[in-house]
There are 2 protein chains.
Amino acid sequence: MRLSDSIESFIKAMLNDESDEVELKRNELAEYFQCAPSQINYVLATRFSPDHGYLTESRRGGGGYIRIVRVVESGSQRLMYLINERIGDSLSEEECVRLISQLKEQQIITADEATLMAASVSTRAMGIPIPDALKNSLRARMMKSMLMSIAARNRT
Amino acid sequence: MRLSDSIESFIKAMLNDESDEVELKRNELAEYFQCAPSQINYVLATRFSPDHGYLTESRRGGGGYIRIVRVVESGSQRLMYLINERIGDSLSEEECVRLISQLKEQQIITADEATLMAASVSTRAMGIPIPDALKNSLRARMMKSMLMSIAARNRT
DNA sequence: ACTCTGTTGGTCAAAGATAGTCAGAGTTGT
DNA sequence: ACAACTCTGACTATCTTTGACCAACAGAGT
């Protein structure tokens with residue numbers, strides 16, 4: 001069995017026992033598995049990425065930690081579909097607006113949230129000197145990031 | 001538990017009990033927490049800054065003190081200040097997060113909105129190949145755009 | 001008033017404690 | 001053999017805590 005797989009199972013077991021959320025110390029975990037601390041990052045990157053349905057946050061320095069939140073299976077089907085399939089690498093402002101208004105119609109987000117999301121991807125917000133292609137790729141990333149956070153909060 | 005967090009909680013508890021204002025002795029507090037006096041300054045700088053919604057004043061010498069005041073502003077005042085003065089042409093992710101969480105504490109935005117805003121300016125969302133300076137200028141624009149949309153809806 | 005001295009708080013740099021990144025070496029499946 | 005995946009270590013970034021030295025203020029003594 002690969003080390004990465006063991007660490008993955010270990011973390012998933014913790015997630016099952018406790019809740020949809022777990023907090024750990026990178027160094028402790030590395031110590032436990034007798035491996036380099038950066039191995040933990042590798043596992044997080046390859047098995048607990050947003051694409052895999054997880055969100056992670058961390059803090060460095062004294063009392064630092066890594067927190068992993070499971071979004072998979074709890075976020076609505078619709079959101080996961082958008083994140084994983086519908087939204088690709090690029091999204092125009094018009095497409096964003098269309099998606100946002102659909103989500104509002106389906107009552108997945110509130111009207112206020114829709115306004116907020118639209119404001120963030122608006123032409124006005126994006127007024128920096130970069131090619132349109134980059135702006136649209138940025139919009140896609142922003143939308144995924146926001147939808148991911150909505151999926152996270154919708155978990156029961 | 002981090003020392004800084006304990007001290008932060010301690011001070012916030014005092015603020016809740018009494019009023020929007022609290023006065024303390026740096027040395028006494030340091031004595032109480034068994035730490036270097038300058039630790040208190042660190043806590044003030046990292047958790048009670050204007051961006052966090054607090055003002056501090058102090059006096060040295062005999063009878064010296066540190067006074068911490070929680071700033072109370074109306075939502076629209078706060079938003080206007082942020083849009084017109086605080087946020088300039090550039091804002092780091094950390095600054096964004098700080099401002100957002102402060103808006104949440106002052107109940108100008110909901111927790112869900114805070115999460116959404118933070119997601120939109122996150123490093124994850126900004127993962128396109130442009131210089132950091134541009135990313136921060138983009139963050140500033142996005143924040144202003146989002147705050148303006150909130151200000152608009154708040155006008156009743 | 002002026003100065004001296006004790007009592008406070010302020011600053012800053014260094015040390016300590018964590019986590020992140022990335023290139024390259026090692027391993028495995030086809 | 002080749003490509004993809006795994007693992008490590010050196011270097012970096014960030015957050016916390018401490019300590020040495022500095023600055024300001026009050027009150028006593030002159």
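Letters A, B, ... mirror the listed sequences (proteins, then strands); counts begin at 1.
Note: Tyr32(B) and Phe10(B) have tilted aromatic rings, judged against thresholds of 30 and 60 degrees for the angle between ring planes. Ring geometry for Tyr54(A) against Phe48(A) counts as perpendicular: the plane angle is over 60°, on a 0 to 90° scale with 30° as the lower cut.
The minimum heavy-atom distance between Leu15(A) and Ile68(A), with the atom names listed, is CD2-O, 4.1 Å.
A 6.0 Å sphere centred on CG of Asn84(B) holds more than 12 heavy atoms belonging to other residues, nucleotides or ligands.
No engagement by Arg67(B) is indicated, since no non-hydrogen atom pair under 4.0 Å with the nucleic acid exists. Contacts of Arg59(B) with the nucleic acid, taken as non-hydrogen atoms under 4.0 Å apart, involve only primed sugar atoms and P, OP1 or OP2. As judged by a 4.0 angstrom heavy-atom cut-off over every strand, Gly61(B) is placed among the base-contacting residues. Note on Arg2(A): only backbone sugar-phosphate atoms sit closer than 4.0 angstrom, heavy atoms only; bases stay farther off.
Taking atom CD1 on Ile7(B) and atom P on dC15(D), their separation rounds to 18 Å, with Å as the unit. Regarding Glu31(A), its CD atom lies at a distance of 15 Å from the P atom of dA17(C), rounded to whole Å. Separating the OH atom of Tyr42(A) from the C1' atom of dT27(C) is a distance of 11 Å, rounded to the nearest angstrom. The CD-P distance, from Gln39(B) to dT11(C), rounds to 16 Å in whole Å. Separating the CD1 atom of Ile68(B) from the P atom of dG10(C) is a distance of 10 Å, rounded to the nearest angstrom. Computed from coordinates, the Ile40(B) CD1 to dT18(D) C1' distance equals 12 Å when rounded to whole Å. Between the CZ atom of Arg26(B) and the C1' atom of dC22(D) there is a distance of 11 Å, rounded to whole Å. Summarising the geometry, the separation between CG on Asn41(B) and C1' on dA23(D) is reported as 13 Å, rounded to the nearest angstrom.
Proximity of Ser58(B) to the phosphate of dG10(C): a side-chain N or O atom is located under 4.0 Å from OP1 or OP2.
Nearest to the side chain of Asn27(A), among dG9(C), dT18(C), dT17(D), sits dT18(C). Ranking dC15(D), dT21(C), dT8(D) by closeness to the Leu3(A) side chain, first place goes to dT8(D). For Lys25(A), counting side-chain heavy atoms from C-beta on, the closest listed nucleotide (dT18(C), dT8(D), dT17(D)) is dT18(C).
Between the side chain of Ser38(B) and the base of dG19(D) there is at least one donor-acceptor pair of N/O atoms closer than 3.5 Å. Counting atom types as modelled, Arg60(B) pairs no side-chain N or O with a base atom of dG10(C) as donor and acceptor under 3.5 Å.
Between Glu73(B) and Arg86(B) no salt bridge is recorded (no basic side-chain N to carboxylate O distance below 4.0 Å).
Nearer to the 5' terminus of DNA chain D, by closest-nucleotide assignment, is the contact made by Glu94(B) (compared with the other of Glu94(B) and Gly63(B)).
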